[in-house]
Structures are given as C-alpha cells and as structure tokens.
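Below: the structure, in structure tokens.
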Amino acid sequence: NYVIDTIRSAIDNLVEMLATLGGYITITGATITLRVKKSQSSVHSFNMNNIKTGSFSYEYIPKDNQLNRVGIQYLDIDQEDTKPIAWVDDFADQDENGIKEKIFPMYGIGRFSQAARLAWQILYDLKINPVMIKFQADITAMHLEPGDIFTFSHDVTEWEDKQFLSFYVEEKENNEFQIQAISYNSSIYNDAYGSGIITYDYGSPPNIYAAPSDVEDFEVTSDG
C-alpha cells in the first residue's frame, strides 16, 4: 500500500517501505542487504578469549529517552485513506514517569493490526534492549556482518551469553575488527500464533448465568 514519490531518492523510498514491515538495509563492502527484524539464532560467540583487552565499553540508553507510549500513523484503506494512529502504552511506566510519547508515520501500512504490531515492537525494543556495546575482536569475527546476532560474555558486566545485534562492523589493522551492537531479545519479534502466551488454570468457577436450582422467595421493588 505504498505510493512511490519519484522526486525523492530511491533509497529514501526503500527505507520508508521497509519500515512498514520492520525491515532495514545493511551495507558490507559493495553488497547491500535487505534484512528484517525477526527471531533468529546467534551466529558467533564472544568472550574474554577473543575480545581485545581494554577495548570493551558499554552504555545504557538514558531512561529519560525511553518511550512509554508509541503511536503508528497509517492509512486506513477502509475509511477513505484517513490517517488514524494505533497507540500502545506502558501504563505502569506512565504512572511513574509521566507520558513520553512519539508518533511514527508509516503510510505504507493499511490496517490497524500491522500498525499495532510494529508499535509494540518499538515499545518493547526500547524497554528490553537498552544496552549498546563497542569492542574489538580477533580474526574469528571476520564473517560477522551488520544485522547478525551473537552472544557476548564479559567479566566486567558479568554477562553470560547475552545476545546482541550487530549494527557496525569495521576491519582494523592486525586482523582485528571493531564491532558495535545493541542488546537483542528474540521473543519481541516472535509473533507466531500462540507464541509467548501463558495459560493459567483457574479451576471451574460456577456459571453465574445458570438457572438457580430452587427458587424459594421472590420480591420485586419499584424505583422511579
């Protein structure tokens, strides 16, 4: 449901189209790759043995910059292409820190369900994956590309096989690689039917709409 504006650059149109499905572009050398945010497995592991000593640093996205209300504005093709907003909220965080909201226009989306799905992904991404790291690794990282998932263990932070999504990989001197990544949780993108749903056994409560077993008394009052 996307109208291409030929005045804009091809890359701008492509980026806007990919945003409607959680897609993005990575560039490695002369290769452009189209990727999508999805549930995927790790392709590499980094630990104290292959991380260059003194090269590791990390930071958290400031809590003040984290959103607790996200809106996706889309085109409702069933309502003459009006532009409603699909909102999702973290009410607990709003009660504590006030409302911090942002609207993301994605006019290539034509239905509420997809708009709400992406809004939840953005909200959970900011809430669950607020850690960014930077480090140098040895030649074993030569096959790592932006968009790949890897596990990371380090004594300083006491992380053990914490998952990260690489977004920058640069080859340095002496067969070393500079890597930047952000924390990753695959469950955010796993929206297969029934995924992540927990069911509880509440027993068998009585049916409040069932007929009473025996009526012994009946009284009617009138008011107004």
What residue pairs, at least two apart or across chains, pass ring pair (Phe, Tyr, Trp, His ring centres under 6.0 Å) with a residue in residues 93-123?
W120-Y124
Rounded to the nearest 0.5 Å, how far does CD of E160 lie from CG of D155?
9.0 Å
Under the side-chain hydrogen bond (donor to acceptor under 3.5 Å, both in side chains) test, which residues partner N47, sequence neighbours left out?
none
Any donor-acceptor pair under 3.5 Å linking the side chain of N13 with the backbone of D5?
yes
Does a donor on one side chain sit under 3.5 Å from an acceptor on the other, for Y189 and Q121?
no
Which residues satisfy the salt bridge (charged side-chain N to carboxylate O under 4.0 Å, His left out) test with K162, sequence neighbours excluded?
none
At their closest point, which heavy atom of L126 faces which heavy atom of P130, and how far apart are they?
O-CB, 4.0 Å
Answer whether the closest heavy-atom distance between the side chains of Q178 and Y168 falls below 4.5 Å.
yes
Hits for salt bridge (charged side-chain N to carboxylate O under 4.0 Å, His left out) against K102, two or more places apart or cross-chain, chain-then-number order -> none
Is any side-chain heavy atom of Q94 closer than 4.5 Å to a side-chain heavy atom of K100?
no
Take I32 and I25 through the test side chain to side chain contact (heavy atoms under 4.5 Å, CB included) and record every step on the way to the result.
CA-CA 7 Å; I32 300 176; I25 296 173; 3.5 Å; yes
Mind checking what makes ring pair (Phe, Tyr, Trp, His ring centres under 6.0 Å) contact with F167, not counting sequence neighbours?
none
Under a single-linkage definition using a 4.5 Å side-chain heavy-atom cutoff for Ile, Leu, Val, Met, Phe, Trp and Tyr, are Y2 and Y74 assigned to the same hydrophobic cluster?
no
Taking the six-membered ring for Trp, are W159 and F56 parallel (under 30°), tilted (30 to 60°) or perpendicular (over 60°)?
perpendicular
Other residues, nucleotides and ligands only: do more than 12 of their heavy atoms fall within 6.0 Å of CD on E170?
yes
How many angstroms lie between atom CG of L67 and atom CG of N97, to the nearest 0.5 angstrom?
12.0 Å
Quick one: are T157 and Y58 in side-chain contact, heavy atoms under 4.5 Å?
yes
State, with a plain yes or no, whether a side-chain heavy atom of L75 is found less than 4.5 Å away from one of I109.
no
When every non-hydrogen atom of S55 is compared with those of I51, the smallest separation belongs to OG-CG2, 4.1 Å
Which heavy atom of D90 sits nearest to which heavy atom of L123, and what is that distance?
N-CD2, 4.2 Å
Only pairs at least two apart or in different chains count here, so list each salt bridge (Lys or Arg N to Asp or Glu O under 4.0 Å) that has a residue in residues 41-53.
K52-E176
Across all chains, not counting sequence neighbours, the side-chain hydrogen bond (donor to acceptor under 3.5 Å, both in side chains) partners of N129 are D125
How does the hydrophobic cluster around W87 look, that is, which other residues are in it when side-chain heavy atoms under 4.5 Å mark a link?
I85, I103
Identify the two heavy atoms, one from A116 and one from A86, that lie closest to each other, and give their separation to 0.1 Å.
N-CB, 3.9 Å
Can you get from L118 to V88 by hopping between Ile, Leu, Val, Met, Phe, Trp and Tyr side chains that sit under 4.5 Å apart?
yes
side-chain hydrogen bond (donor to acceptor under 3.5 Å, both in side chains) partners of Y24, counting only residues at least two apart
none
The criterion is side-chain hydrogen bond (donor to acceptor under 3.5 Å, both in side chains); which residues satisfy it with E59, sequence neighbours excluded?
none
In the structure I gave you, are the side-chain heavy atoms of I182 and V131 within less than 4.5 Å of one another anywhere?
no
After noting the C-alpha distance and the side-chain angles of S183 and Q163, does the key distance pass the side-chain hydrogen bond (donor to acceptor under 3.5 Å, both in side chains) rule?
CA-CA 6 Å; S183 50; Q163 287 192 319; over 6 Å; no
OG-NZ distance between S186 and K38, expressed to the nearest 0.5 angstrom:
12.5 Å
Same cluster (ILVMFWY, side-chain, under 4.5 Å), V43 and V169
yes
Could you tell me the separation between the CG atom of D12 and the CD1 atom of I7, rounded to the nearest 0.5 Å?
12.5 Å
By salt bridge (charged side-chain N to carboxylate O under 4.0 Å, His left out), which residues pair with D89, not counting sequence neighbours?
R69
Mind checking whether I27 and T33 have side chains closer than 4.5 Å, heavy atoms only?
no
Return yes if some donor-acceptor pair links the side-chain N/O of Y184 with the main-chain N/O of Q40 below 3.5 Å, else return no.
yes
Under a single-linkage definition using a 4.5 Å side-chain heavy-atom cutoff for Ile, Leu, Val, Met, Phe, Trp and Tyr, are M132 and I188 assigned to the same hydrophobic cluster?
yes
Check whether M48 and F135 end up in the same hydrophobic cluster, where Ile, Leu, Val, Met, Phe, Trp and Tyr are linked by side-chain heavy atoms less than 4.5 Å apart.
no
Spacing of L21 atom CG and M106 atom CE [to the nearest 0.5 Å]:
9.5 Å
State the NZ-CG distance between K37 and L18, to the nearest 0.5 angstrom.
11.5 Å
Heavy atoms, side chains only, cut-off 4.5 Å: are N68 and I99 in contact?
yes
Validation: residues 141-154 side-chain donor-acceptor distances under 3.5 Å, sequence neighbours left out:
unit_1 : atom_1 : unit_2 : atom_2 : d
H143   : ND1    : T140   : O      : 3.4
E145   : OE1    : R35    : NH2    : 3.3
D148   : OD2    : E145   : N      : 2.9
T151   : OG1    : S45    : OG     : 3.2
S153   : OG     : D161   : N      : 2.8
S153   : OG     : D161   : OD1    : 3.3
H154   : ND1    : V156   : N      : 3.1

What I'd like to find out is whether the side chain of I72 reaches to under 4.5 Å of the side chain of I122, using heavy atoms alone.
yes
